[in-house]
Amino acid sequence: MENDSFYEKVYWVVRQVPAGRVTTYGAIAAFLGTKGSSRVVGYAMGASVHVLPRVPAHRVVNRTGLLTGKQRFGSPHLMQQLLENEGIVVEDDQIKNFKEVFWDPATELILP
DNA sequence: TAATTGACATAAC
DNA sequence: TGTTATGCCAATT
């Protein structure tokens, strides 16, 4: 619906996440300036399935590296497979080398 | 319009 | 050290 809403910002950042890397809701929210809107980031991801191009929401996890919203992908195992396909080690919906694959937009993302 | 929810985060106990 | 409680911002009902 709204193309200029807070969601678009979230989608943009998530799309900048390189393959094999993951980020957290809090990192995205903080990057957008609204540190407390970490929940809204996850909410936006829930609507990302209606947005084109498809947002790699499988690269977005909570601060513990747990694949919380896997169910939103339609297939819980699909999210884990996608991450493993990108070289990310996931065990029991938990990213093992989370800190190694963690991608901080405020640090590694370069704005145009 | 107001109240509640939510794929989180942080502080306190 | 593990669990509980409160806060954050935006969207939904």
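To find a chain, count down the sequence lines: A is the first, B the second, and so on, and within it residues start at 1.
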(message) Just the rounded figure in Å: distance from C1' of dA9(B) to CG of Asn62(A).
(response) 10 Å
(request) For Val49(A) and Arg72(A), work out which heavy atoms get closest and say how close. (result) CG1-O, 4.1 Å
(message) With a 3.5 Å cut-off and heavy atoms only, can you find an N or O donor on one side and an acceptor on the other between the side chain of Tyr43(A) and the base of dA7(B)?
(response) no
(message) Counting only side-chain heavy atoms from C-beta out, which of dA7(B), dC8(B), dA10(C) sits nearest to Phe6(A)?
(response) dA10(C)
(message) Regarding Ala47(A), tell me which of base, sugar-phosphate or nothing describes its non-hydrogen contacts under 4.0 Å with the strands shown.
(response) nothing
(request) Write down the distance between CE (Met45(A)) and C1' (dA10(C)), rounded to a whole number of angstrom. (result) 14 Å
(request) Could you tell me the separation between the CD1 atom of Ile95(A) and the CD1 atom of Ile88(A), rounded to the nearest 0.5 Å? (result) 5.5 Å
(message) What's Gly46(A) touching, base or sugar-phosphate or nothing? Going by heavy atoms closer than 4.0 Å.
(response) base
(message) Using whole Å, what does the distance between atom C1' of nucleotide dC8(B) and atom CG of Leu32(A) come to?
(response) 14 Å
(message) How many whole angstroms separate atom CG of Leu66(A) from atom C1' of dA9(B)?
(response) 14 Å
(message) In whole Å, I'd like the distance from the CZ atom of Arg39(A) to the P atom of dC9(C).
(response) 12 Å
(request) Would you please classify the geometry between the Tyr7(A) ring and the Tyr43(A) ring as parallel, tilted or perpendicular, with 30° and 60° separating the classes? (result) tilted
(message) Distance check needed: dA7(B) C1' versus His50(A) NE2, whole Å only.
(response) 14 Å
(request) Assess whether one donor atom and one acceptor atom, taken from the side chain of Ser37(A) and the base of dC9(C), lie less than 3.5 Å apart. (result) no
(request) Tell me which nucleotide among dC8(B), dC9(C), dA11(C) gets nearest to the side chain of Tyr7(A). (result) dA11(C)
(request) Write down the distance between NZ (Lys35(A)) and P (dC8(B)), rounded to a whole number of angstrom. (result) 18 Å
(request) Give the nucleotide from the list dC8(B), dA11(C), dC9(C) with an atom nearest to the side chain of Val40(A). (result) dC9(C)
(message) So, taking the atom named CD in Glu108(A) and the one named CH2 in Trp103(A), what distance separates them when rounded to the nearest 0.5 Å?
(response) 7.5 Å
(request) Mind checking the NE2-CZ spacing from His58(A) to Phe73(A)? Nearest 0.5 Å is all I need. (result) 6.5 Å
